Amino acid sequence: MSKKQWFFAIFVVLAGMVIVFAPLPVHATAPTQRTFRVEASQYTYSPAILKVNPGDIISIELISTDVVHGLYVDEYGISVTADPGQTARLTFTADKPGSFRFRCNVTCGALHPFMIGKLQVGPNTWLWRASGLTVLAALAILILRPSPPKAQVT
Amino acid sequence: MKNSEQLSRLLITVGLLIVIALPFVARSVDTQDIVEVHARMAESGGWMPGTIQAQTGIPLYLRLTSDDVMHGFAIGQSDNPAVDVLPGKITEVTVAFDKPGTYTYYCTRWCGPNHWRMRGTIEVTGNEMPSSQAINPPLYIKLNLDIDTPHLASATPAVIPDAQRGAIFSALLPDSYLLPDYYLSHSPAQVYLDVQVDPALATLSNSDLWGLVAYIWQSNTTPEGLTEGQRLFAQNCAACHGETGNGDGVFSADINALAGKYPANFSDPASLLGAGPALLQGKILRGGMGTGMPSWGPIFTNQQTWDLVSYLYTFQFK
């Protein structure tokens with residue numbers, strides 16, 4: 001490998017680390033109280049995607065429209081169960097940023113395991129970081145690929 | 001050498017015999033009758049078995065499991081707490097009966113629009129006297145009330161009647177209005193018409209008179225009864241009649257599609273104030289109404305139905 005290529009390789013590694021670890025400009029939002037009215041029916045939540053900012057106090061009103069349903073939020077480890085006619089409330093602080101599944105935790109029928117939704121706390125930075133890394137890797141492959149062996153003249 | 005061989009043969013034979021005899025011994029020792037009950041949504045068959053035999057004084061062992069969704073199990077008119085019945089799990093319940101008769105067991109978790117149809121019976125035989133509730137006919141039958149005719153109030157208040165306002169004038173109120181029998185057999189609108197023409201109350205305005213009606217209703221109920229009524233309403237009624245009593249529960253649209261009318265709206269003064277406590281209790285006990293209203297007679301105790309009735313009036317009085 002030439003000296004030039006070594007320099008480029010080091011540049012690629014440094015750029016990759018910047019993409020992965022650089023703090024993104026997070027527009028600071030004051031934590032607010034958010035209330036979501038989530039209707040649960042076999043086998044969906046409506047709405048199924050809840051977007052909040054880190055630090056927000058979230059209150060989910062779970063309304064079941066057919067059978068008993070539950071709502072369990074991954075990582076947060078909290079859950080609530082709602083019977084039809086009995087609105088259940090789940091209040092918590094979104095102190096863990098990231099994207100988390102929430103799922104029904106009461107067996108509600110044949111497709112119960114597929115009754116899932118998503119809680120998105122803060123922007124999905126890993127989407128942008130992963131895109132950046134992909135572009136960088138493509139560049140590196142194009143530039144660093146070994147040059148074809150030259151024909152030997154005897 | 002020979003002795004040890006015989007000993008080992010003996011040991012093996014005895015050991016084999018014990019293993020073969022074990023199931024028979026276990027069967028004869030295990031004399032308790034365990035009834036295995038499977039719960040399914042009403043559309044797929046409900047409880048299986050639907051009828052369970054029992055005897056007074058002998059505990060009944062039940063092993064409950066669900067074949068589809070989450071169900072619950074409780075026995076009507078009894079103090080046994082409700083238990084959840086989950087698919088893939090066994091819930092063990094032991095119940096005992098003091099009095100012979102036919103008991104209803106039912107599902108306690110809303111498992112679908114036909115959840116309330118999930119009922120079974122326990123036939124209890126024995127020599128004791130049967131419970132008195134089954135013998136006494138309910139009040140609406142004694143009063144000869146027709147619970148199917150429309151009961152529109154002939155008079156409705158302009159604002160929501162306030163029992164505290166009525167309490168101010170309660171000293172003027174003749175005692176006969178406060179008797180339980182009078183309260184149970186009269187609708188608020190009838191009571192209003194009665195107090196309107198009562199010479200003892202001639203000086204009061206319309207809203208004061210309605211306040212007195214609310215006061216009569218309040219003095220025939222207790223805070224504990226209202227709390228129990230609220231709990232029963234949320235658990236059993238709100239799915240159709242709505243959490244605020246507006247008749248807009250989550251199943252109301254389904255009921256309208258099937259029966260052509262919505263569940264009763266308790267926030268409508270013309271309908272609720274035209275119904276007396278005995279009439280409302282009759283509707284709760286019998287059900288029907290052409291809307292698939294469940295029959296709660298075998299489920300609620302007498303006191304629970306009155307608690308529920310007094311809670312219903314809180315949608316009209318404060």
Side-chain angles (χ1 to χ4, degrees), chain A residues 33-50 58-74 76-92 101-117 119, chain B residues 39-44 65-74 82-91 107-118 230-255 257 263 266 293-294 308:
Chain A
Q33 167 90 37
R34 284 171 199 270
T35 304
F36 295 98
R37 188 191 142 95
V38 178
E39 282 195 12
S41 59
Q42 283 170 331
Y43 301 94
T44 52
Y45 292 105
S46 168
I49 298 175
L50 309 179
I58 299 163
S59 181
I60 295 176
E61 285 181 4
L62 185 66
I63 295 149
S64 170
T65 60
D66 42 25
V67 306
V68 190
H69 290 290
L71 191 150
Y72 171 90
V73 187
D74 281 5
Y76 283 85
I78 46 177
S79 66
V80 73
T81 304
D83 279 54
Q86 297 173 69
T87 303
R89 272 176 197 82
L90 179 67
T91 307
F92 61 100
R101 286 260 177 242
F102 58 83
R103 53 190 83 236
C104 183
N105 63 344
V106 175
T107 315
C108 61
L111 298 181
H112 155 68
F114 303 101
M115 187 163 167
I116 48 179
L119 172 72
Chain B
R40 288 185 185 177
M41 288 166 83
E43 294 87 335
S44 0
T65 190
S66 165
D67 292 350
D68 41 30
V69 303
M70 184 196 217
H71 297 285
F73 173 90
V83 291
D84 285 344
V85 181
L86 303 165
K89 285 186 183 166
I90 302 269
T91 308
C107 180
T108 55
R109 300 307 293 256
W110 275 94
C111 56
N114 287 312
H115 147 72
W116 65 271
R117 290 181 201 271
M118 251 187 93
Q230 187 172 21
R231 185 187 70 82
L232 292 169
F233 185 86
Q235 208 171 349
N236 301 294
C237 317
C240 301
H241 292 284
E243 289 177 64
T244 50
N246 289 339
D248 60 353
V250 290
F251 294 131
S252 59
D254 295 349
I255 288 167
F266 302 123
M293 163 87 178
L308 201 46

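A, B, ... follow the sequence lines: proteins, then strands. Residue 1 opens every chain. Small disclaimer: the values here were computed from a predicted structure and weren't measured.
- Between chain A and the options B:C237, B:G112, B:G88, heavy-atom pairs under 4.5 Å are most frequent for B:G112.
- Pairing each heavy atom of B:A239 with each of A:P84, the nearest pair is CB-O, 3.6 Å.
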Counting backbone as well as side chains, what donor-acceptor pairs lie under 3.5 Å between chain A and chain B?
from	atom 1	to	atom 2	distance (Å)
A:V68	N	B:W110	O	3.0
A:D83	OD1	B:R109	NE	3.2
A:D83	OD1	B:R109	NH2	2.7
A:D83	OD2	B:R109	NE	3.2
A:D83	OD2	B:W110	N	3.4
A:T87	N	B:E243	OE1	3.3
A:T87	N	B:E243	OE2	3.4
A:T87	OG1	B:E243	OE1	3.2
A:T87	OG1	B:E243	OE2	2.4
A:T107	O	B:M70	N	3.1

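- Looking at A:V68, the atoms closer than 4.5 Å to chain B (heavy atoms on both sides) sit in the backbone and in the side chain alike.
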